2 protein chains.
Amino acid sequence: MLWGLRPVEPRAAYGLAVDLLRRQIHAGLLLPAEKLPAERQLSDRFGISRVTLREALRVLETDEYITVRRGAQGGAFVTDEDRLCELARRRMLRAPAKTMRVVEFLTVNQMAAARLACTRRGPAEMKRMREAVAMMHAARTAPHRKQAEALFLLALGDATQNPLLARAIEDGLAELFLPYDTPSTSKTGTVALGEFERLLAALNSEDVDEAEAAMADLHRLLWDAVRRMGKAAA
Amino acid sequence: MLWGLRPVEPRAAYGLAVDLLRRQIHAGLLLPAEKLPAERQLSDRFGISRVTLREALRVLETDEYITVRRGAQGGAFVTDEDRLCELARRRMLRAPAKTMRVVEFLTVNQMAAARLACTRRGPAEMKRMREAVAMMHAARTAPHRKQAEALFLLALGDATQNPLLARAIEDGLAELFLPYDTPSTSKTGTVALGEFERLLAALNSEDVDEAEAAMADLHRLLWDAVRRMGKAAA
DNA sequence: CTTCATGGATCAAAATCTATACCATTGGAT
DNA sequence: ATCCAATGGTATAGATTTTGATCCATGAAG
């Protein structure tokens, strides 16, 4: 008998480039209004021709993820913060339950990652996490905070030395496209920073239970934020 | 600043078909010596041309995942059981640690799935899981047992109503390519069947803790099997 | 020994991607 | 005011992949 031989969905190269860039924006790694590299450099990075890259940029421009300007100081720029928030809200309103599922998935895998990373983290990942926490301290805007948090969590995934787990976290973060304003607002943001520091310390001293507890608290904050956002939308 | 803009890796349609079929074999959904549908039907299922499908079959044939015979009653057949075991062993020897990581990933996500499915499972998924347990009872060979277990776990993933979690389980099972002989040998297989029934009952009565406990025991068995296999290889 | 479902082979057309070259725009330097 | 340099915009020819259609080859069943 045959079980679920679904149709194959070949993705064109330009579509993959769209996905990659969109994921970076969703995860917060690309900041609002940030300038992307020139087309010739980007196409090199992606290993695709400039013509193909431009197709990808056209799609992202149409979806209002980026704007493109010509001339000397021109280039492709991520949309401004307000626009991104609007996109995030719209996306969340289209499928409100989906956001919860993404958070749920992240909770499961990041809790496990916190435990596993304690005993497996290498010096490189520890450095990335320390730097991420430093970035959180320096960050004075919501997008910068979100970026630093994403960098920390990606490093945490790598620290587990488990590619599947790292990928799960990456996918989750890319899927979780939250508006900047609500999630880590002022006070919540400060509390979160404390928890990240606590987690970092636990990882440093290989305190598994403490790491898990810190991650649990972080996710309590995340759940609160998402719930508040859901109510605000309703 | 730019974070991890990796090269894009466009996959040809034939490569995706290869992956899909190989995953089905790894997960145990396709049985040893099982006959695949005729090329004209398979290409329809995949939504690709017959020429492209044949490229995929050629790759799988080269890797000895399938054998192709001509004439009436001919067709593409999954390799026989011994050959598959050999392939699985070879794969595990190439990267022994990797198997552990896959099991680790499955443990994390299936434990969560067992809990979540308790309160979310729909009648369709319950039916699939009941049927899977029935298949385990009827199964008189290791491949059939493995197939039924995979069907159960995939249904469990769907029962969480969380696409990311379901996909994680699917990916994990596809990645976990264990030889048939060692894992669920006679006694262990019987014990596992008992645990699956326990899990099914827990899901039926929405007993979250019991479901989690049953899944935990299942994974203890899995870990034991994998450890034994690792020692046997060494 | 015929039948016929099946794999094997070929070819032209369409879609996609690449490499290269050149044009157009714009802000800053001279 | 002019030029320069960096950037996006456009055009074209060729390579690769996929498709759809057609016909050939094989071999087990009747």
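Letters A, B, ... mirror the listed sequences (proteins, then strands); counts begin at 1. Every heavy atom of this structure was used, including side-chain atoms; hydrogens, water molecules and symmetry mates were not. As the structure is a computational prediction, the values presented were derived from the model and not from experiment.
Nucleic acid contact class of Val51(B) (heavy atoms, under 4.0 Å, all strands): base. At a threshold of 4.0 angstrom between heavy atoms, the contacts of Ile48(B) are confined to the sugar-phosphate backbone, with no base atom among them. Counting any heavy atom pair closer than 4.0 Å across all strands shown, Arg58(B) reaches sugar-phosphate atoms only and no base atom.
Arg54(A) places its CZ atom 18 Å from the P atom of dT16(C), with the value rounded to the nearest Å. In this structure, Phe46(A) places its CZ atom 17 Å from C1' of dT18(C), rounding to the nearest Å. Spacing between atom CG of Leu53(A) and atom C1' of dA19(C) amounts to 15 Å, rounded to whole angstrom units. When the P atom of dA5(C) is taken as reference, atom NZ of Lys35(B) falls 12 Å away, rounded to whole Å. Here the C1' atom of nucleotide dT18(D) and the CG atom of Asp44(B) are 15 Å apart, to the nearest Å. Whole-Å rounding puts the Arg11(A) CZ to dT18(D) P distance at 15 Å. One interatomic measurement links the two molecules: CG of Leu42(B) to P of dA5(C), which rounds to 18 Å at whole-angstrom precision. Rounded to a whole Å, the CD atom of Glu55(A) is 8 Å from the C1' atom of dT16(C).
Salt bridge Arg145(A)/Glu149(A): absent, no basic N to carboxylate O contact under 4.0 Å. Looking at Asp80(A) and Arg83(A), no side-chain N of the basic residue comes within less than 4.0 Å of a carboxylate O on the acidic one, giving no salt bridge.
Between Arg69(B) and dG7(C) there is no side-chain polar atom (N or O) within less than 4.0 angstrom of OP1 or OP2. Considering only side-chain N and O atoms, Ser49(A) lies nowhere under 4.0 angstrom from the phosphate OP1 or OP2 of dA19(C). Between Thr52(A) and dT18(C), a side-chain N or O to OP1/OP2 separation shorter than 4.0 Å is present.
Atoms CG and CE, from Leu87(A) and Met92(A) in turn, are 12.0 Å apart once rounded to the nearest 0.5 Å.
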With a cut-off of 3.5 Å and sequence neighbours excluded, list every side-chain donor-acceptor pair involving residues 67-76 of chain B.
none

Sequence-aligned protein contact record of nucleotides 23-30 of chain D, with B where the base is within under 4.0 Å of a protein heavy atom and S where only the sugar-phosphate is: ---BBS--

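If you look at Tyr65(A) and His26(A), their ring centroids are closer than 6.0 Å. Aromatic pair Tyr180(A)/His144(A): centroids not less than 6.0 angstrom apart.
Listed by first then second residue, pairs satisfying salt bridge (charged side-chain N to carboxylate O under 4.0 Å, His left out) with a partner in residues 100-110 of chain A read Glu104(A)-Arg120(B), not counting sequence neighbours.
Each of Glu39(B) and Gly47(A) was assigned the nucleotide of DNA chain C with the nearest heavy atom; the assignment lying further toward the 5' end belongs to Glu39(B).
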